Amino acid sequence: MSASIESQGSFMTEPLDLIRLSLNETVYVKLRDGRELTGRLHAYDSHCSMVLGDVEETVSSIDENDVSKVTTKTNKSDMLFVRGDSVILVSPCVPEKL
Amino acid sequence: MSFFGFDDKSTDIKDTKEYTFDDTYDGLGQQLQESGDDFNDETFGSFAVNDVGKDFEFGLSSSNATDVNNNYQQKPQSSSQAGMPSLQPIASLWGAADQAQKLGTNEVFDNNNFDHNNYDRSTFELNNSGHGNYDPTNGTGIPGKILSLEEVEAQLRAASLQQPQFQQPLLSMPGQFPPHQFQQFPPHMQFPPLSNPNEPNFQFPPQMMQPPFQQMGIPPMPMVVNQHSQSGQSISQNSNGPHAPQTPYQLEQPNRTPVKSLEEIRNQDLAMAAAEQDKAIRKSKKMSEISKYNNLMNHKDKDYVMRMQLAQFVTDDSYNEDFYYRVHTAIQSRHNPQQSQISNIDIAQAYVFQQRGNNRGNRYRGRNDSPLERLQQQVQRAVAYVKQHPKKNLFVFEGSLGNITTTSGKAPRQALKIKKPSEGIPSLTSGDNLSDLLTPTEKSSVSSPAFQLSPESNSSSNFNPPSSASRNIGNDKKGPLYSIEKVYSILLQLENTERTAPQSDPSSDEFKEWQDKMRSLLEELWDALQIMVPFDAVEGPSQVHPFIAMLSYNKGMKLIPRIFRHINKEQRLTILTMIVAHMSSLEVIRQGSYTTVENNEQSNDLPLRVREAIELFSQTVLPPLVHFISDTSYSIVVGLLGILMDRNDISYIATTKTGLAFLTVFISRAELISQEGNVTQSELELWNTTFDNLFRSLHGHLSSIFPSSNNIDDSYVWQFLASVALAAKLEHQRIMVDEVRDSIFGAMNEAKLLSPEHSHQKIANLNLFLNVMGLNATTTEISELKINE
Amino acid sequence: MSTQNNSTDKSTSLPTEQADEVTEVQKHTYDPSSFLSEISGKQVVVKITSGILYNGFLQTVDGYMNIVLENTQEIVNGEVKSKYREVFIRGNNVLYISAV
């Protein structure tokens with residue numbers, strides 16, 4: 001085991017490492033159906049199922065009649081479990097919106 | 001057989017002695033399931049217990065049973081007494097034993113929540129009315145409870161309709177009712193259990209069609225009794241015979257129904273109607289409560305969660321893999337120390353027994369069908385199956401996209417096998433190198449969970465942090481994160497190894513092996529801390545030592561107390577020295593100064609994130625360090641203070657809460673040892689020089705060590721000043737008072753405006769410092785301070 | 001992690017001679033896996049099923065098509081909507097990865 005640690009090759013060995021490094025840190029998660037979460041990552045698994053704490057959820061929905069109209073709603077939650085299959089992306093820091 | 005008054009000596013039983021009650025009583029009565037009362041009301045209505053129970057009193061004892069038998073005028077009193085022993089085996093033949101056995105395996109019975117006690121009292125009284133003598137065994141004959149309420153009711157109604165025609169012929173000619181009427185019998189007559197479809201529910205053996213006398217008569221009974229004795233008490237065997245249970249059963253039937261009067265039946269009906277209503281109300285109430293959560297999860301979701309939960313069972317080390325739950329319980333137990341010892345098993349038991357509790361199953365704990373045990377068995381079977389049938393996760397053809405894969409919670413479907421560019425050989429990852437040495441079977445057993453739902457990945461080999469060489473490539477923010485994860489991996493292994501210490505004696509090989517493992521893990525841990533990396537080797541713009549950089553993260557700080565448990569004194573001192581020497585690079589110091597606050601914050605306080613970090617630092621990192629300092633020698637304390645001053649800007653560090661905390665600890669510890677007097681003259685001189693240097697660095701900056709806002713708790717500042725004043729000479733004290741005079745008066749003025757409680761606190765903090773110099777302050781007067789001075 | 005531990009690679013499950021053959025063939029083929037391992041570190045565009053494009057530097061990709069990109073632009077309908085310093089894209093959403 002010691003050997004495998006010392007003999008590591010590339011900087012990042014696999015994508016899920018990025019999520020592991022974000023444990024206990026604030027992450028931004030983009031979900032299907034225009035949902036976004038920002039919260040502290042407590043746990044995750046290989047499906048990207050996650051447990052987040054102090055979460056703020058932003059739900060964006062497009063108006064049926066006017067496509068340019070986007071309404072957003074935010075919810076807060078102390079703790080939530082995100083099922084992996086609804087995850088689109090995870091970022092260690094909140095993206096810079098343009 | 002003397003049940004109906006016939007002399008049983010006329011039968012061809014070989015030895016009647018054998019059939020006294022005590023001999024033949026097989027103890028089934030003790031196996032009576034008397035639990036499950038809770039939902040009795042729901043099932044029978046509240047009337048059932050109170051009203052119905054009394055009405056059917058006559059069925060309860062053997063003497064009362066004569067009421068019944070009196071209806072048959074030709075039957076002598078003795079029938080009930082004589083009948084008892086011979087009926088004993090009969091009752092068992094009815095499937096009572098069979099039922100008792102079935103209860104062990106058939107979930108229907110457990111989940112029924114039927115109360116067998118009340119069952120006896122209400123429904124079974126109907127039973128007993130006909131043949132109260134063998135009450136005990138009857139209790140175990142529960143099959144009737146499978147019937148739904150509606151069925152019971154329907155049959156009772158039918159029975160009540162039949163009643164008039166029924167009783168009439170019976171009283172006059174007991175044996176002579178038309179066979180078809182038997183079909184209308186109340187539920188308890190439906191003997192062979194419903195769960196056994198092979199046995200017809202209600203079959204009329206040929207005897208039924210025979211003349212009534214023969215029906216009641218002698219021939220069948222001895223036959224049964226014989227069978228009973230010959231089969232050597234093997235009850236279940238008896239009940240398996242299709243006709244054996246039927247024969248005596250049919251004999252009973254005539255006695256049973258006539259017992260009920262029309263009125264009783266009506267009462268029963270009323271009770272049932274009320275019960276049904278009551279049940280409907282309860283049901284709708286329950287449904288409305290449950291339906292709140294309807295459609296919250298679809299079927300797929302439930303399957304998914306179920307799979308995840310089951311996957312957690314199939315683990316060799318639940319401790320590591322259930323990290324999240326562990327932390328949760330740890331936090332819970334902190335709130336509620338009395339319950340700190342809750343284990344997984346307790347929870348499981350609580351859950352399972354809660355279900356069981358509904359039928360007060362505790363009385364029969366000996367039963368081997370407890371849901372917990374069943375659950376355990378199921379899990380064991382599942383685990384055994386998985387172990388016997390190792391997964392073949394992936395059949396991959398190099399470079400192709402189409403793979404045939406099977407997936408599990410821990411190893412989801414992989415679409416493609418990516419070659420690691422860093423490795424020369426294109427088709428092999430490092431893991432494959434390992435698996436090359438193994439047969440396919442071994443490989444699958446080796447295959448470890450890809451990743452658990454926890455930071456406690458089971459081995460650090462699953463996590464490859466970057467080498468120091470490659471760290472320069474990426475952003476240097478990730479370096480410390482990698483280091484932290486690496487340390488956690490090793491630390492968790494270490495803690496796990498520690499838990500699994502062999503119980504054998506310390507000289508055994510097993511123990512030595514364990515010790516070696518611990519030692520090598522400790523070495524690894526120490527290496528992973530990178531504390532011995534020379535500072536010169538640190539690259540990058542931030543110029544922060546890798547160990548100190550780890551402490552920039554909350555999770556890094558949390559490592560310190562856990563690591564301190566394992567390392568020795570020298571290593572602790574090394575860590576402390578490292579922190580002291582690089583104090584200015586600590587995130588909590590760099591961002592924790594109030595002198596920079598005005599520029600970036602309107603609220604005059606540090607950003608929340610920084611405040612939280614400072615709080616965490618003082619809760620996690622400081623305690624083990626302070627504990628170490630309070631235990632260490634004079635020269636080390638003075639030496640550390642020297643290093644702190646040499647390597648850092650004291651005037652800046654003093655403006656941070658964390659920095660002041662360190663200074664306070666060092667000064668008060670050194671002063672305490674000096675006052676104890678166990679120090680040499682040279683040591684004392686060194687301390688005095690060090691303190692003078694320190695004071696010189698602080699001189700002129702003392703007013704800036706206070707928080708930027710009055711709303712912030714400044715007690716730590718007064719504590720620091722008190723410790724300095726304690727060590728200071730008189731002229732030092734004068735300088736101090738001079739420098740912080742404004743703050744002293746400020747604090748007093750402020751205290752006047754505060755509520756008494758806060759005011760008192762504020763003054764108490766102030767007096768921490770003033771008392772050291774023989775002064776005292778109150779909220780009221782500045783003059784008072786002057787008088788004291 | 002999972003790539004290393006759970007896979008049963010073909011060369012070991014086949015008899016040795018065949019395995020050699022396979023390796024021989026590999027040297028001359030250009031397959032998706034070698035493409036993916038080649039483009040790591042380079043600038044790529046990732047399109048996900050919703051049609052959103054991510055333009056960034058590929059850090060890693062695994063067998064599930066999970067991708068980590070650095071310095072990434074999120075492009076919706078041709079417009080750059082947001083920027084990520086680092087982003088993990090869950091593999092099931094990925095339509096394609098193309099080297100720029």
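Just so we're clear, the structure is a prediction, and the values are computed from it rather than from any experiment. Proteins get letters first, then strands, A, B, ... in listed order; numbering begins at 1 in each.
Counting heavy-atom pairs under 4.5 Å between each of C/V80, C/T49, C/V87, C/L69 and chain A puts C/V87 at the top.
With a 4.5 angstrom heavy-atom cutoff, C/K83 touches chain A via backbone and side-chain atoms both. Contacts of C/E79 with chain A are absent, with no heavy-atom separation under 4.5 Å from either backbone or side chain.
The contact list for residues 84-91 of chain A toward chain C, using heavy atoms and a distance under 4.5 Å, reads A/G84, A/D85, A/V87, A/I88, A/L89, A/V90, A/S91 by residue number. Contacts between residues 88-97 of chain C and chain A, defined by a heavy-atom separation under 4.5 Å, are made by C/F88, C/I89, C/R90, C/N92, C/N93.
Rounding to the nearest 0.5 Å places CG of A/L98 at 8.0 Å from CD of C/Q73.
For the pair A/K97 and C/S82, the tightest heavy-atom approach, listed with the atom from each and the gap, is CA-CB, 4.0 Å.
The 12-atom threshold is not exceeded at CG of C/N77, counting heavy atoms of other residues, nucleotides or ligands nearer than 6.0 Å.
Looking at heavy atoms from C-beta onward, A/P15 lies in side-chain contact with C/T60 at the 4.5 angstrom threshold. Residues C/I52 and A/K30 have side chains in contact (heavy-atom distance under 4.5 Å, counting atoms from C-beta outward).
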